[in-house]
Protein chains: 2
Amino acid sequence: MGKGHVRLADVAKAAGVSQGTASNVFSRPEMVREEVRERVLNVARELGYGGPDIKGRLLRAGRVNAIGVAAVEPLTYFFDDPWARSLMTAIGEVCDASGTGIAVVSAMNEERLAWNINSALVDGFILLCVEGGERLVELTRQRQLPFIALALGIEDETIPAIGIDNVAGGAAAARHLLELGHRNIAILSIGDVDGLVGRVAPERVDPEMEATPRDRMHGYWQALAEYGIARDAVPIQGTLHDRPSTLAAMEALFSAGNPPTAILAMSDKVALHAMQWLAERGLKVPEDVSVVGFDGVPEAATSLPRLTTVAQPFAEIARRSVTAILENALPQNHEALDLELVVRDSTAAPRPR
Amino acid sequence: MGKGHVRLADVAKAAGVSQGTASNVFSRPEMVREEVRERVLNVARELGYGGPDIKGRLLRAGRVNAIGVAAVEPLTYFFDDPWARSLMTAIGEVCDASGTGIAVVSAMNEERLAWNINSALVDGFILLCVEGGERLVELTRQRQLPFIALALGIEDETIPAIGIDNVAGGAAAARHLLELGHRNIAILSIGDVDGLVGRVAPERVDPEMEATPRDRMHGYWQALAEYGIARDAVPIQGTLHDRPSTLAAMEALFSAGNPPTAILAMSDKVALHAMQWLAERGLKVPEDVSVVGFDGVPEAATSLPRLTTVAQPFAEIARRSVTAILENALPQNHEALDLELVVRDSTAAPRPR
DNA sequence: CCACAATATTGAATCGATTCAAAATCCCGA
DNA sequence: TCGGGATTTTGAATCGATTCAATATTGTGG
């Protein structure tokens, strides 16, 4: 910190050995005679030298031993959002095992994002492409480091990515409700486009929605069709994936005539907020209304009632991502991992009427 | 990434300019004639040069523009634990505003922790001293970077730290319950020492507990004493600050005769688990049992019922910590920030009997 | 057309370590 | 005491950029 920063060269000179030897004292101590080693160590202590500076070492080694996780979201996203946290936790587990560090990189604005991506000291990136995925990928490409995109809905097969089978997952969720006997189902969609809040017409889904919610929607529709239910018959309420818009969506759904007996929520976060709204309105889950979430975040397992959801294989996603980057063995094709319907206490047959 | 890594020198040579000029093209473009700039940029593109490598720049500049947050916990802790997350979110907010990155550094074991601390590419550290704080401080000291300790209960005034007034906070929490009329109160303590699980005798608090829970305990006792209640009259159940041990503690508290009408929990996490246990047992909060948490994490504001708690000034702690490190203006004395009692729906007068 | 100021470019030093071929030293048996 | 293999140490090159004093070029007014 101070001015007179001591460096390895200073220690070497003061101890009367070459810089190479001094370096060895710290990085490969077994290589240097004990007597010399001790002398150097002593001098180092006297001078207040705290061991090799990582920056110098880094320049030679070229390896940082850390991976960056990036998203077009504020930094708080990584610690706030249930999905991001589930993923970060899983990534943390893998990194812990391999002694790798994690740097979270994010951005308030475009310009800063570019700068952050370019200056992050990492060996590679995991990209959380929830929003603005294309841009994020483009930016990261320039950095010329290994990266892998998650939650990306893009067709471009040249982008290393790990995906999940959102269509099948959505279908499983809807089918579960249908099998229980529900025929009056409403959908809570997610997205960050302002236009897609409030009642959303089915025609707008394909052109306007991001890939993830779009695929989930198609999954819902697919199962619904199997039971002869038309798209127009299931109301879609768009949310901004936050509490206020979810509450508003529920309000709209239940203030209209013929309220739904079951809700398909495109994320657990939204589902959990919806359940809170229902509880505050005195509606019982699952007796009055069934709710199915999506993602399988830990909160879903401890909510009251515990939430039925479609779980992502977070551990598997994390494992593949981290090893792909660390070993620079990026997947050549887009793999879509399977999701698993986890039935818990938030779904039941509709009340007979 | 391949083998033939292009560097600035290559670009310079290929473009027929000096390395200095080439450097300027990227870092201070206004300094070089447009014609030259364009030529260099073109050559760079052809060669596949992706801009200055951060590692080289770093070595010169010496500044990373990132701060490390460290704890003697696995990496998952930062994304899992409510308290850590609240802090991380607050830190993220401050860092976002100043364009600073965050690296989380942690450790499974001692050895790895030392290595991680020493090799983290950061300008300074924020230390989460929930456990093993002394050791963490010692390790970080060697790195000779600015650091600031949080949640440290240590007397050593030479350690830059930001603390909170746990005694006053604990007293406020207890006083709140006492004012409501509760006289039969139980305490849920927290700690990672195996010995302090289950029923804890008051005598063991001072010698065995970590500073934070110890101070909170003294705060509770202080208020209790004001109302003439002896230490021995309030049962203390130790938890490991996780779900299973909290559930076990509640079990013990309520299976004995004369169950408490109110619970003082030393953290919101524990309080929230306790409330879940109560709900599952059919006990109503606050009608049957009042619960007060500690910390003021966001979950406490959205739980059902919303949790009364003693809130830490997370934003203020984060602001002070980050600016202290970034400006290398570390506090010279231990400041203890005030806590605020936030009364919500989990506390009420005890049922008349 | 020249002197002189303003602007661009160069080249070498620097940041703080690691690495490795070559040189020096050590150790041991003959 | 000497040879020669094993072990240590040295010194210089290298990693990939930035910086800045010195030099070259351009532009302007007289």
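What you see is a predicted model, and the numbers here were worked out from it, not measured in a lab.
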### Task
State, yes or no, whether a side-chain contact exists between A:Leu8 and A:Tyr49 at a heavy-atom distance under 4.5 Å.
yes
### Query
Just how far, in rounded Å, is P of C:dA13 from CZ of A:Arg7?
16 Å
#### Entry: Ion pair check, B:Asp123 and B:Arg63, cut-off under 4.0 Å
yes
### Message
Just so I know, are the side chains of B:Phe78 and B:Leu128 near enough to count as touching, which here means a heavy-atom distance under 4.5 Å?
### Response
yes
### Query
Whole Å only: how far is the NZ atom of B:Lys13 from the P atom of D:dA17?
14 Å
## Note on the structure
Between NE2 of A:His5 and C1' of C:dC15 the distance, given in whole Å, is 11 Å
### Query
With side chains defined as the heavy atoms from C-beta onward, is the minimum distance between A:Leu326 and A:Ser98 less than 4.5 Å?
yes
### Task
Step through the shown structure and confirm whether more than 12 heavy atoms of other residues, nucleotides or ligands are within 6.0 Å of CD on A:Glu30.
yes
### Message
Run the salt bridge (Lys or Arg N to Asp or Glu O under 4.0 Å) test on A:Glu138 and A:Arg141 for me, step by step, so that the C-alpha distance in whole Å, both residues' side-chain angles and the decisive distance to 0.1 Å come before the verdict.
### Response
CA-CA 5 Å; A:Glu138 192 186 328; A:Arg141 254 201 177 129; over 6 Å; no
### Query
When the aromatic ring centroids of B:Phe79 and A:Phe79 are compared, is their separation below 6.0 Å?
yes
### Query
Under 3.5 Å, side chain of A:Asp81 to main-chain N/O of A:Trp83, donor-acceptor pair present?
yes
## Note on the structure
Rounded to whole Å, CD of B:Glu35 lies from P of C:dT7 at a distance of 18 Å
### Message
Less than 4.0 angstrom between a side-chain N/O of B:Tyr49 and OP1 or OP2 of D:dG16, yes or no?
### Response
no
### Task
Please state how far atom CZ in B:Arg28 lies from atom P in D:dA17, giving the value in whole angstrom units.
16 Å
### Query
Looking at B:Ser27, does any N or O in its side chain come under 4.0 Å of the phosphate oxygens OP1/OP2 on D:dT18?
yes
### Query
Judged by modelled atom types alone, do A:Arg39 and A:Asn42 share a side-chain donor-acceptor pair under 3.5 Å?
no
### Message
Using a strict heavy-atom distance below 4.0 Å, which residues from residues 50-63 of chain A are in contact with DNA chain D?
### Response
A:Leu59, A:Arg60
### Task
Write down the distance between CD (B:Glu34) and C1' (C:dT9), rounded to a whole number of angstrom.
17 Å
Atom pairs, N/O to N/O, protein against nucleotides 9-12 of chain D, distance under 3.5 Å?
unit_1 : atom_1 : unit_2  : atom_2 : d
D:dT9  : OP1    : A:Arg33 : NE     : 3.2
D:dT9  : OP1    : A:Arg33 : NH2    : 3.1
D:dT9  : OP2    : A:Arg33 : N      : 3.1
D:dT10 : OP2    : A:Ser18 : N      : 2.8
D:dT10 : OP2    : A:Ser18 : OG     : 3.4
D:dT10 : OP2    : A:Thr21 : OG1    : 2.7

